[in-house]
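Taking it in order: structure first as structure tokens, then the write-up.
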Amino acid sequence: MSKLHRASVVGNHPRLALSWSVRILASRQPGRAAWWPRLVFAGALGCLLALSACVRSYQPLTGLHDPVVVDPTMRNFPDMRLHVYCVPGKGLKPAQASILCQRMAVLFENQGASVQTFIEDPALGGADAGLAPGTDETARAADLVLELEVEAVLKRSHPITYAMCWFSFSIVPMVRETTFTQRVVVRDASGFLLASDRYRGRLVERFGAGVWTGNWILDKFTREPEDRLTGEAASNDLSADLYGQLTQLVFNARLRREALQLQPVVDPAGRR
Amino acid sequence: MIAAPQLLSGVMSILFPGWSAPGVFRSKASTRSVICTPVDQRQGAETHPDLLAEPHPRGAYFTRGLEVCSEKVFREGLRQSRDEAVLTHLESEAASIAQAVLGGRPDLRARSLLVEVHYPHGAMAHKIRFATQDSLLAAGFAVSDRRPLLTAQDVVVLSQLPPERAYAGACERYASMGSLAAGDALVAVLVRDPRQTDLQAGICADGRWMWLR
């Protein structure tokens with residue numbers, strides 16, 4: 001303690017802070033009121049450390065875990081021209097919309113489609129999200145237009161868990177929940193609605209050394225690979241569900257579009 | 001007054017937030033076996049009066065997010081994925097087909113509608129047919145249980161044609177053979193691709209075929 005305290009006199013701020021914390025923790029001054037600053041500070045320190053120890057879990061609520069038949073790794077959309085429009089809004093900033101669009105482009109290009117991405121309405125000559133090869137290509141009409149919109153985001157923090165985390169030195173986790181709704185619409189080039197769906201899911205983030213260590217041990221020794229929670233498991237699960245559902249929806253829309261294109265012109269006089 | 005189960009669930013959600021998500025006590029498989037839909041408190045009190053009380057007329061102190069979660073009837077993998085996907089949305093798909101008939105051919109209200117389903121599994125085809133008939137009845141159509149017939153030779157010829165010609169050809173044959181009378185119309189519900197999870201539909205009336213969706 002004394003070495004650190006001496007070092008802090010030099011004026012190095014991180015060292016000053018560290019020496020202060022060590023001094024508080026190791027203080028042996030007499031008096032009953034001296035215990036709580038140590039506890040509060042140690043809790044804060046524990047929680048700050050615990051911020052890096054996060055276990056994120058993903059829970060599909062509606063639509064995301066419906067069965068999918070089409071395999072997203074196959075060439076399901078050969079020679080199809082697809083416009084992907086990621087609608088920025090309250091739940092999706094323009095930068096995030098652009099990233100989402102680029103991922104969608106990779107998803108559908110891997111399945112044989114020719115994809116252009118937009119973060120403004122392509123029907124109004126919207127801006128390209130960065131993947132279109134040129135203006136001539138942008139002007140080409142699409143076979144299908146996929147619209148993605150994060151419609152509502154409910155974020156809930158739980159202050160009681162924050163307090164419990166604080167006073168338990170992050171053994172008890174602090175918890176944060178995010179519920180999201182993904183609205184998906186598929187139209188043809190004329191704007192005719194072919195398919196739509198709404199997916200809901202929840203991400204629960206638990207911060208704390210206790211929860212991270214417990215889950216890490218379980219992942220390492222008892223859980224099957226598909227049941228693991230630490231690392232990027234939640235992101236991978238969410239991506240797999242979302243990509244599967246989107247592929248299935250676009251596939252169904254493509255078949256519906258083909259059927260409607262087979263439609264002979266209806267003679268109104270033929271109707272009774 | 002707050003119902004006891006509501007109070008208990010409120011306390012549990014405060015002490016153990018995110019308990020329904022995968023974690024130490026809950027596996028991913030168990031969370032995937034449940035479908036949760038959001039409801040407002042008034043709607044929830046109507047559907048689950050034993051669990052939820054009516055909202056107070058002067059409002060509540062807290063904003064609550066309510067969800068009704070129900071177990072899937074069959075566990076994952078027990079039925080084929082396509083059957084499961086079709087059955088999951090069968091009610092809404094059938095209602096959508098009925099709406100398409102209503103929008104596409106409102107003049108058919110005066111006729112008797114026959115329903116035919118082209119699906120690889122007989123039991124599934126029966127369920128889809130029943131749901132479609134039910135939705136057509138709810139939409140105000142007259143529905144018949146009769147099925148139009150084709151000769152074996154017609155079936156052999158039509159099964160070798162591409163879909164765009166096969167359904168139109170079958171429709172013409174129904175009319176020319178008289179198995180579809182002037183007062184009848186046929187609603188055909190079908191799946192054109194084994195990877196498809198929604199239902200397509202067309203209508204045959206007066207020997208002319210029309211895709212509805």
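Below, chain A is the first sequence line, B the second, and so on; all start at residue 1. Predicted model only: the values in this text are computed from it and were never measured.
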Comparing A:Arg228, A:Glu205, A:Arg254, A:Arg257 against chain B, the one with the most heavy-atom pairs below 4.5 Å turns out to be A:Arg228
Student check: side-chain heavy atoms of B:Arg129 and B:Thr132 closer than 4.5 Å: no
Relative to each other, are the rings of A:Trp212 and A:Trp216 parallel, tilted or perpendicular (30° and 60° limits)? parallel
Proximity breakdown for B:Thr197 and chain A, heavy-atom pairs closer than 4.5 Å: both
Measure B:Gln200 against the heavy atoms of chain A and call it side chain, backbone, both or neither at under 4.5 Å. side chain
What part of A:Arg256 gets closer than 4.5 Å to chain B, counting heavy atoms only: side chain, backbone, both or neither? both
When the 4.5 angstrom heavy-atom criterion is applied to B:Glu67 and chain A, the contacting part is side chain
Contact origin within B:Pro194 toward chain A - heavy atom pairs under 4.5 Å: backbone
So with a 6.0 Å cut-off around CZ of B:Arg146, is the heavy-atom count from everything else above 12? yes
For the interface with chain B, which of A:Asp227, A:Leu249, A:Val70, A:Val211 has the highest count of heavy-atom pairs at distances below 4.5 Å? A:Asp227
Go through A:Val68, A:Asp237, A:Leu218, A:Asp71 and name the one with the most non-hydrogen pairs under 4.5 angstrom from chain B. A:Asp237
Which region of B:Leu190, side chain (C-beta onward) or backbone (N, CA, C, O), has a non-hydrogen atom less than 4.5 Å from a non-hydrogen atom of chain A, or is it both or neither? neither
In terms of the angle between their ring planes, are B:Trp211 and B:Tyr167 parallel, tilted or perpendicular, with boundaries placed at 30° and 60°? perpendicular
Min side-chain heavy-atom separation A:Leu82-A:Asp143 under 4.5 Å: no
Assess whether atom NE2 of B:His126 is packed by more than 12 heavy atoms of other residues, nucleotides or ligands within 6.0 Å. no
Side-chain ion pair, B:Arg42 and B:Asp40, N-O less than 4.0 Å: no
